[in-house]
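Structure first, commentary second.
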Amino acid sequence: MENDQTNKNSSSRCTFFHADPEDYRCDIILTVKRATGAFSLVACLFMLFVIWLLRRYNSLAQKMIVSLTVAAFFDSVAYVMDESQAEGSLCNFQAWWLTYFDWSALAWVCLITLNLYLNLVREIRTEHYEIPYHLVAWGVPLLMSCLPLMRGYYGLAGAWCWIKDDHVAWRFGIWYIPLFTLIFLMICCYARIICVANDRMQSWLGTFNPERERRKVSLAEEIRPLKWYPSVYLLVSLFPLLNRLHNAAYPKNPMFSLTLLHVLSAPLHGLANALVFGKDTWSQLSNTGIKLALRSRLCDSTRIGEYHPASVRYTAELESDSDDDDNNVLFYSADMSLKDRGP
């Protein structure tokens with residue numbers, strides 16, 4: 001009886017290969033899926049801990065990275081859910097959950113790019129956009145995830161539940177076409193941002209000023225980690241796209257290598273975001289730095305964290321009596337007097 005139940009569960013798990021329940025390929029696919037999902041979960045938790053430890057949640061850009069991390073964490077949960085369920089309410093819930101938080105993580109990456117573009121290129125203050133950002137990042141995914149649910153298109157779709165194989169147009173319309181369109185637009189935005197930043201730093205006029213040089217370095221440090229987010233999404237989404245294209249062309253003959261690359265890369269959003277985030281924080285995570293930060297957090301009121309001369313926002317019209325010949329706009333801080341250009 002127990003052996004029959006095991007075979008039944010294995011059979012339900014191996015439907016995406018139409019293979020014998022004991023086929024080793026199924027175990028490899030499911031093990032890789034759980035492992036990559038678990039790595040992403042741990043990476044997201046580590047990111048949240050570091051953000052809390054170093055108090056990197058003050059500026060709007062930092063708050064947006066916190067929201068991205070939360071979305072990536074819940075997205076990773078879908079990949080460690082039980083994969084043995086047949087079609088039904090649990091399968092539909094996993095598919096909806098996966099679609100919702102995939103879209104939410106993508107939305108936050110897009111909004112981080114938009115916020116940087118508005119700050120640097122358009123010279124627009126964006127502190128008052130925080131609530132609209134949240135409405136977009138949590139509201140649009142709700143719409144996109146509920147559409148297939150209302151049409152009954154969720155079901156078994158490989159190693160996890162998603163939009164079923166016989167609704168290929170919905171797969172690409174709901175996710176892949178918007179995904180790669182937004183990635184392309186983000187790459188264009190970052191190309192423009194980098195060009196504008198380089199022009200301002202290279203065309204700076206006036207005599208040498210240490211404060212001005214510090215601002216130039218701050219700008220470069222703020223842009224450096226953020227520019228990698230579109231590339232991360234492109235890399236982790238390429239193999240899932242290729243596998244879904246193959247599924248559309250040959251729905252009855254899934255390819256093991258593409259499926260393996262799919263389950264290896266798709267759950268890695270959280271881990272990839274943590275690596276991008278870590279490029280800017282590893283230097284602060286020495287033994288001494290961690291001890292001081294923990295002591296600050298747990299033992300006294302001393303504020304020890306990442307050094308910020310001001311709340312950097314990327315663009316500004318600076319008013320300085322000591323540097324009147326310096327008219328280049330680089331970034332703005334909350335304590336500066338600025339023009340508000342509006343949307």
Side-chain angles (χ1 to χ4, degrees), residues 13-19 23-44 68 71-73 75-81 83 94-95 97-107 109-110 144 148 154-165 167-187 228-276:
R13 295 189 307 165
C14 292
T15 55
F16 53 94
F17 272 128
H18 308 286
D23 193 323
Y24 73 95
R25 297 177 301 172
C26 295
D27 291 330
I28 292 176
I29 293 296
L30 296 173
T31 300
V32 170
K33 185 202 76 165
R34 288 191 293 264
T36 51
F39 283 142
S40 285
L41 277 175
V42 173
C44 290
L68 168 62
F73 171 83
D75 183 51
S76 301
V77 170
Y79 295 104
V80 295
M81 288 181 178
E83 67 279 343
Q94 183 191 37
W97 182 287
L98 184 62
T99 305
Y100 179 82
F101 286 107
D102 269 342
W103 259 105
S104 183
L106 176 62
V109 173
C110 293
M144 301 301 286
Y154 285 142
L156 295 174
W160 48 75
C161 293
W162 194 48
I163 299 173
K164 291 182 283 190
D165 291 337
H167 300 293
V168 174
W170 274 77
R171 284 181 173 180
F172 287 88
I174 286 291
W175 180 241
Y176 287 105
I177 292 177
L179 170 66
F180 282 90
T181 300
L182 290 171
I183 289 175
F184 174 76
L185 293 175
M186 283 191 287
I187 291 174
W228 290 107
Y229 282 111
S231 300
V232 163
Y233 265 79
L234 180 62
L235 290 175
V236 300
S237 301
L238 184 60
F239 289 118
L241 172 66
L242 294 176
N243 188 47
R244 293 306 184 186
L245 287 171
H246 184 271
N247 292 159
Y250 306 100
K252 301 299 182 182
N253 297 289
M255 184 181 295
F256 172 72
S257 58
L258 276 179
T259 305
L260 179 62
L261 290 171
H262 185 170
V263 301
L264 181 64
S265 57
L268 288 180
H269 289 119
L271 179 60
N273 289 336
L275 293 176
V276 172

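Distance check, rounded to the nearest 0.5 Å: CG of Leu242 to CG of Asn247 gives 11.0 Å. Leu258 CG to Leu264 CG: the interatomic distance, rounded to the nearest 0.5 Å, is 12.5 Å. One distance of note links CG of Asp75 with OH of Tyr100; it measures 12.0 Å at 0.5 Å rounding. Taking OG of Ser104 as the reference point, atom CE of Met144 lies at 13.0 Å (rounded to 0.5 Å). Here Gln94 contributes atom CD and Leu156 contributes atom CG; the two are 9.0 Å apart, rounded to the nearest 0.5 Å. Taking CH2 of Trp103 as the start and CG of Leu179 as the end, the distance is 8.0 Å to the nearest 0.5 Å.
Using a distance-only test at 3.5 Å, with no hydrogens or angles considered, no donor-acceptor pair links the side chain of Trp160 to the main chain of Met81. For Thr99 (side chain) and Trp162 (main-chain N/O), no donor-acceptor pair under 3.5 Å exists by modelled atom type. At least one donor-acceptor pair under 3.5 Å links the side chain of Thr36 to the backbone N or O of Lys33.
Minimum interatomic distance between Gly270 and Ala72 (heavy atoms only, all atoms of both residues): CA-CB, 3.9 Å. Listed here is the closest heavy atom pair of Leu98 and Ala78: CD1-CB, 3.8 Å. Leu268 approaches Ser40 most closely through the heavy-atom pair CA-OG, 3.4 Å. Residues Gly37 and Pro267 share a closest heavy-atom pair of N-CB, 3.8 Å. Tyr79 and Asp102 get closest at one heavy-atom pair: OH-OD2, 3.9 Å. Nearest heavy-atom pair, Trp170 versus Ile163, reported as atom, atom and distance to 0.1 Å: O-CD1, 3.8 Å.
Residues Ser237 and His269 are in side-chain contact: their nearest non-hydrogen atoms beyond the backbone lie under 4.5 Å apart. In this structure, Val77 and Phe101 have side chains that are not in contact, with every pair of non-hydrogen atoms separated by 4.5 Å or more.
Residues forming a side-chain contact (heavy atoms from CB on, under 4.5 Å) with Ala43 (at least two apart in sequence, or on another chain): Leu271, Ala274. The side-chain contact (heavy atoms from CB on, under 4.5 Å) test applied to Val168 returns Phe172, Ala248, not counting sequence neighbours. Phe73 pairs by the ring pair (Phe, Tyr, Trp, His ring centres under 6.0 Å) definition with nothing, not counting sequence neighbours. Under the salt bridge (Lys or Arg N to Asp or Glu O under 4.0 Å) criterion, Arg171 pairs with Asp165, not counting sequence neighbours. Taking the ring pair (Phe, Tyr, Trp, His ring centres under 6.0 Å) definition, one finds that Phe239 meets it with nothing, sequence neighbours left out.
Screening residues 174-183 for side-chain hydrogen bond (donor to acceptor under 3.5 Å, both in side chains), with sequence neighbours left out, gives no hits.
Between Asn243 and the choices Leu261, Val263, Thr259, Leu238, the side-chain contact (heavy atoms from CB on, under 4.5 Å) rule is met once, by Thr259.
Environment of CZ in Phe180: crowded, with over 12 heavy atoms of neighbouring residues, nucleotides or ligands closer than 6.0 Å.
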